[in-house]
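Read the structure below first, then the notes.
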Amino acid sequence: MSILISYTVLFVGLGLNYLLNIVIGRALGPSEYGQYVFALNLYNTVTLITVFGLDQAAIKFLPQSEKPKEYVNTILILSIILVTVSVIITSIVINIIPITNNSLYLLFLVAVIPAVFLTHVLAIAQANHILISRMTIRYLMEPILRAILLCLIFFFWIKSSVGPACAILLSTSISCIFSIYIYRRKLHFSVKQNKKYEFRKILHFVVPLAGGNVLNILAGRMDIIIVGAALINHEVGIYTAGLQSAAMVALILQGVELVYASLLSKSIGNDNQSKLLYDYKTSLRITILFGAPLVIFLSFYKDFTSMLFGAEFIESQLILAILCISQFANLATGSANQLLILFGYTRTVFLLNAAFLILVSSLVYVGAQKVGIVGAAIGIMCSSALLNIARVLLIFIKKKIHPYDASCGVFIALTVAMLISRVILDLQFKLWETVTISSVIAITGIMLLMRKSDLEWVRGNIYRIRVGLSG
C-alpha cells in the first residue's frame, strides 16, 4: 500500500515538475533557458555537497539505534554548521568569478539554506517511517507551490530567468518550515530536550561518503559543465531539454528507494540475510516493471516529447533517446549504490565515484569536442552503464548477493536491445504501435519477473472467481 501511495504522489509531482520545465523553456527560449539551467545546476550541486551525506546517515543509524534522538541532535547541529560554511564559501566564489546575471546566482545561493535543512529533516522523517509526510512535501506540496508562484511571477512581475529562481527560493522555504512543523508535531521532540551527541560515529560514516558524494555530484553534472564551457547557451538549453525528459525515469528508482531504504537498513542491522535479499530483489523488480514502459515510451516517442518544449528544442530528440539507455542502466541495477552505503562501504563508494568522475569527464569532453551534444550524451551513457555494473559486482563480491535470476536477465536484455535499436536504426512508430509495444513488454515483464508463489496466488484467485461465478 505504501508503494502505491508513494508512486501516486511521485508521478503527480513528476508531472508537475516536467510541465514547469516545459513552461520555463517555452517562456525563456533556448539561450536564456541555457543560462537558467547553468545557474540551477550550480545551485543543485552546492545543495547536494552541503547535505554532506547526513541524509544517508539518518537512514542508516536511526532505524538501527535504541536512542535515535541522539543521532537526530547530531545531524541537526552538523546541518547548521555545514549550511553556514557553504553559504560563506559560495558567496566568496560568486564575487570572485565573472558572472553576467548576479541576481540569478544570489537567489539560488539563498535557496541553498532551506533546501539543505529540508533534505535533512525529511531524511530523519523517513528514517522514523514518516514516509507519507516526506512524499507529500517533497513531491506534491513543493511542486504545486512552485507552479503557483511561477505563474504569479510570470504574470504580474517579470518573464526572465530570475522568475523561476524566486519561485524555487519561496517554495523551498515554505516547504522547509512546514516540514519542521510536521516533524516536531509527529515525534514530539525538540533539540533543547536532549544534549547528547554522536559526532564521532556519524563523522566516521559521512566524511568518506561526503567525499564520494562530491565526486558523484560533479560526475553527474559534468556533462552540463563541459557542454556549458565548450559550447554555447543555445546548445546547453537543447541538451538540458532532453536530459530533463530522460530524468523522469530516475524518479522511479528514487521512489522505490524512499520505500525500501529504511527496510534494507533494518535488515542489515538485524543481520537478516533472507529478508535483505528478498527486499533487494523485490525493489529491483518493482523498479523495472514501472520504469521499462516509461523508458520505451520516451525513447520511441521522442519527437512528441521534444516538441513539448517548443519547436526550437526539436534537436533534443536524439539526446533523449541516448539518455534513456543511460537511465535504464540505473533502473536495471536497482538499489546497488544504496546498499553499498548502508553496508558501510563508504570508502569503496568514494573510490568508485572518483573513477567514475575521471571516466565521465574524459568521455564527455572527447564526445563534445568530436560531435557536440550528441557526443556528450553518448559519453554519459557509456560511463553510467559501467558505473552501475561495477556497483552490482562489488556487492556480489563483498556479500555474495545479487537481485537477478534468468527471467529478470532476459527482460533487461530485451529492453536494452529495443532501446539501442531505436537509436541506431531510428525506428519510426505511430502512437498506437508505441503503446502496444510498451504494453507487450510490460506484460512480458510481469510474467517473467513473477515468482512461483506469485503465480500460485494468481491461479488461486482465478479459481475462486470461477467458483464464485459458477456457484
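Position 1 is the first residue of the sequence; numbering continues from there. Since we're looking at a predicted model, the values are computed, not measured.
Across every non-hydrogen atom of V112 and T50, the tightest pair is CG1-OG1, 4.4 Å. Annotation for E142 and S171: closest pair O-CB, 4.0 Å, computed over non-hydrogen atoms. Considering all non-hydrogen atoms of both residues, L363 and C382 come closest at CD1-CB, 4.1 Å. Heavy atoms only, all atoms of each residue included: L298 and C324 are closest at CB-SG, 3.8 Å. Here the closest non-hydrogen pair linking L107 and L169 is CD2-CD2, 4.0 Å. The two residues V46 and S86 come nearest to each other via the heavy atoms CG1-OG, 3.5 Å.
Side chain of H120 to backbone of L76: no donor-acceptor contact under 3.5 angstrom is found. Between the side chain of S383 and the backbone N or O of I380 there is at least one donor-acceptor pair closer than 3.5 Å.
Contact annotation: the side chain of F108 never approaches that of L42 to less than 4.5 Å [non-hydrogen atoms, C-beta and beyond]. Inter-residue side-chain proximity for I80 and F117 is flagged as met; some heavy-atom pair is nearer than 4.5 Å. Within the 4.5 Å cutoff, side-chain heavy atoms of F154 are placed close to those of P164. By the 4.5 Å heavy-atom criterion applied to side chains, F328 and V249 are not counted as neighbours. No side-chain heavy atom of L323 sits under 4.5 Å from any side-chain heavy atom of M381.
Summarising the geometry, atom CD1 belonging to I288 is positioned 9.5 Å from atom OG belonging to S283; distances are rounded to the nearest 0.5 Å.
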